[in-house]
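Notes for the one structure printed next.
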Protein chains: 2
Amino acid sequence: MPASIEDVARHAGVSTATVSRVLNGVDLVRPETKSKVEKSIAALGYRVSESARSLRTSSRRQILVLVPDFSNPYYGEIVRGIESVAREHGYHVLLSETRTEGARKRAYVELLQQQLADGVVCLDPVTIRRLAADGIVSFPWVACSEFLPDADIPYVSIDHRQAAKDAVLYLLSRGHRNIGFVNSDERFIYAQQRRAGYEDALKEAGVDARADYIQSVGGVDYPLGELAARRLLALEPRPTAIFAVSDTLAIGVMKASFRAGLKVPHDVAVVGFDDVPVAEMFEPSITTLAQPMYSLGQRAFSLLLQRIKGESTTSEILPHRMVLRESA
Amino acid sequence: MPASIEDVARHAGVSTATVSRVLNGVDLVRPETKSKVEKSIAALGYRVSESARSLRTSSRRQILVLVPDFSNPYYGEIVRGIESVAREHGYHVLLSETRTEGARKRAYVELLQQQLADGVVCLDPVTIRRLAADGIVSFPWVACSEFLPDADIPYVSIDHRQAAKDAVLYLLSRGHRNIGFVNSDERFIYAQQRRAGYEDALKEAGVDARADYIQSVGGVDYPLGELAARRLLALEPRPTAIFAVSDTLAIGVMKASFRAGLKVPHDVAVVGFDDVPVAEMFEPSITTLAQPMYSLGQRAFSLLLQRIKGESTTSEILPHRMVLRESA
DNA sequence: TTGTAAGCGTTATCAT
DNA sequence: ATGATAACGCTTACAA
């Protein structure tokens with residue numbers, strides 16, 4: 001049996017109220033009393049029961065992070081950011097993967113029904129839409145990376161449209177006119193915005209957008225990138241450059257290009273998105289749009305904390321950055 | 001204010017004990033009573049307070065997973081396995097990254113001092129050693145992937161020695177005699193065992209082991225793989241094959257090889273370890289030793305659950321598998 | 001089959 | 001500056 005606050009109180013010859021006071025560093029406690037209590041705490045190896053504290057304060061000091069895919073380093077970096085600042089504020093991080101619809105549903109129900117977390121950072125586009133559609137607005141949650149422009153839900157993200165435009169503008173500046181676009185799932189805002197950015201750049205350069213140059217494959221897994229590239233490379237005229245909305249897709253695109261006997265960037269230039277760690281290591285190394293994943297996570301938690309405290313919040317757009325490497 | 005069990009009881013015209021009974025599906029409750037209660041629960045939108053339940057049962061139905069690096073997909077897969085079966089058993093997963101010594105220390109202290117989790121799955125070699133050294137044995141925890149052979153701590157892992165031997169045997173069978181070995185940190189058991197496997201294979205083939213063919217670089221980050229390769233490739237005679245103890249290191253090795261103007265596998269064959277998703281996508285695709293990451297995670301949780309329940313447990317060795325691709 | 005009530009370990013209000 | 005004590009919402013003997 002672990003020591004309770006009462007054991008400490010008895011040992012120190014004070015009341016539990018006093019022990020609680022030194023525990024929480026609130027109110028005035030006479031220095032001598034305080035050190036007496038601290039000695040007893042040490043002597044008994046006492047640790048406060050988080051469960052009791054949670055019940056009493058109705059706060060778990062935990063947040064839930066909903067992640068589409070644990071094995072995607074993009075999300076890993078964001079989670080790192082979230083955790084780093086959560087920890088600073090005494091919060092712990094509960095993780096749920098929403099890869100499958102079943103998992104997503106369970107997570108959703110738990111999120112709403114049990115109060116095991118004081119708030120939620122949601123990285124999953126589908127769940128974000130669902131939360132908004134269900135009008136979940138009193139519960140403290142924020143969107144990160146993906147978001148809803150018009151809903152009243154705080155988010156942290158980048159300017160996807162401008163970022164995509166930057167990428168395509170770069171390709172145009174290198175003389176490319178036939179530029180393929182590999183998108184994930186256009187139901188998602190980030191995907192819509194990146195597509196808009198792609199089209200913005202083309203229009204600005206006076207280049208006609210060809211519908212068949214746009215491949216939306218519904219996800220960001222490697223094989224989907226290969227699939228998109230196979231389709232794109234079969235087109236006439238064949239694109240001389242391909243912009244993919246994630247590094248994983250870009251890798252798939254390159255793989256398919258190699259299989260087709262094409263050299264990157266000589267025969268087809270490839271630009272990715274995210275700048276995950278492996279982007280620098282791939283052969284050729286990947287030219288990509290870097291998102292500040294770690295900061296995205298940090299800011300998302302800060303926003304969430306404001307919501308938890310009931311303060312008003314305002315969404316944030318963080319800067320992106322184009323990283324020039326070998327693939328384009 | 002969310003409805004409490006008392007509200008439900010009042011609404012249904014029964015006692016809180018009865019509500020609790022239908023909540024937990026225990027004891028006999030008359031079907032009519034049960035449905036009456038269930039109606040009230042639905043009507044009031046009642047959800048049990050996990051905090052109160054935790055306090056009462058002194059179980060949080062949460063486990064803590066200590067992970068060296070979130071952005072490494074190897075750990076991501078293991079965490080997925082852990083979470084999948086944890087969820088089946090009604091447990092939630094708390095995540096802490098132990099990348100830095102500071103984070104590691106904090107996590108360690110929290111692990112021991114607060115009872116915010118019913119148990120721990122530890123993936124971090126350093127923390128595993130520390131827990132063992134500190135004689136933490138009454139607290140329910142298990143090691144996963146890394147482990148301690150002689151300590152009395154349950155673990156799930158693979159036969160690292162045999163796996164490494166398999167890899168090197170394969171290289172030998174392809175005619176290689178000058179085989180470099182890139183290890184991470186030989187303070188860790190898995191690293192020691194893989195090195196032993198490397199030496200076993202050499203000995204079995206009657207090939208002399210050269211000390212300078214072994215590079216221990218202290219970690220598995222990409223740049224460390226490049227570093228190791230630069231050293232190895234400067235040797236005389238130059239190794240014609242390199243076995244690295246992780247795919248990330250293997251990728252670094254290949255990168256450095258390309259930079260040195262060498263072709264893989266023609267000039268230098270490369271074998272990795274883990275079979276992370278990108279191993280198949282790299283150019284050339286990576287021949288590697290696949291670990292059953294997902295199963296590792298699943299079994300680790302199962303073992304932990306046994307410990308939590310106070311049942312006796314026995315460590316498990318899961319099968320590995322060599323995956324032949326293009327790099328060797 | 002159901003109800004009563006004690007108690008889990010805190011925090012916070014009100015006295016003193 | 002400190003103490004007594006009432007919650008917080010649940011589970012579980014024990015009683016009925």
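By convention in this document, chain letters (A, B, ...) are assigned in the order of the sequence lines, proteins followed by strands, and residues within each chain are numbered from 1.
- Between the P atom of D:dG3 and the NZ atom of A:Lys36 lies a distance of 8 Å, rounded to the nearest Å.
- Bracketed by its first and final contacts, the part of DNA chain C lying under 4.0 Å from non-hydrogen atoms of chain A reaches from C:dG9 to C:dA12 in 5' to 3' order.
- Of the side-chain N and O atoms in A:Thr18, one or more sit less than 4.0 angstrom from OP1 or OP2 of D:dG3.
- If B:Val29 and B:Leu55 are placed on DNA chain C by their nearest nucleotide, the residue sitting closer to the 5' end is B:Val29.
- In this structure, CZ of B:Arg56 is placed 6 Å from P of D:dT12, rounded to the nearest angstrom.
- The B:Ile5 side chain lies nearest to D:dC10 when the options are D:dC10, D:dA4, D:dG9.
- Smallest separation of non-hydrogen atoms from A:Ser71 and B:Glu77: OG-OE2, 3.2 Å.
- Under a 3.5 Å cut-off, the side chain of B:Ser40 and the backbone N or O of B:Lys36 do form a donor-acceptor pair.
- For B:Tyr155 against B:Ser315, the heavy-atom pair with the smallest separation is N-OG, 2.9 Å.
- Both A:Pro31 and A:Thr16 lie near DNA chain D, and the one whose nearest nucleotide falls closer to the 5' end is A:Pro31.
- Within the nucleic acid shown, B:Ser20 comes within 4.0 Å of at least one base atom, counting heavy atoms only.
- Salt bridge status for B:Arg80 with B:Glu83: absent, with no side-chain N to carboxylate O gap under 4.0 Å.
- The side chain of B:Ser51 places no N or O atom within less than 4.0 Å of a non-bridging phosphate oxygen (OP1 or OP2) of D:dC8.
- Contact annotation: B:Ser49 side-chain N/O to D:dG9 OP1/OP2 distance is not under 4.0 Å.
- Atom CG of A:Leu116 and atom C1' of D:dG9 are 16 Å apart (whole Å).
- Although no hydrogens or angles enter the test, the distance criterion places a donor-acceptor pair under 3.5 Å between the side chain of B:Arg61 and the main chain of B:His89.
- Taking atom OH of residue B:Tyr46 and atom P of nucleotide D:dG9, one finds them 10 Å apart after rounding to whole Å.
- At whole-Å resolution of the value, CZ in A:Arg10 and C1' in D:dG3 are 15 Å apart.
- Under a 3.5 Å cut-off, the side chain of B:Ser20 and the backbone N or O of B:Thr16 do not form any donor-acceptor pair.
- What separates CZ of A:Arg53 from C1' of D:dA7 is a distance of 17 Å, to the nearest Å.
- Checked against the 6.0 Å centroid threshold, A:Tyr91 and A:Phe301 count as a close aromatic pair.
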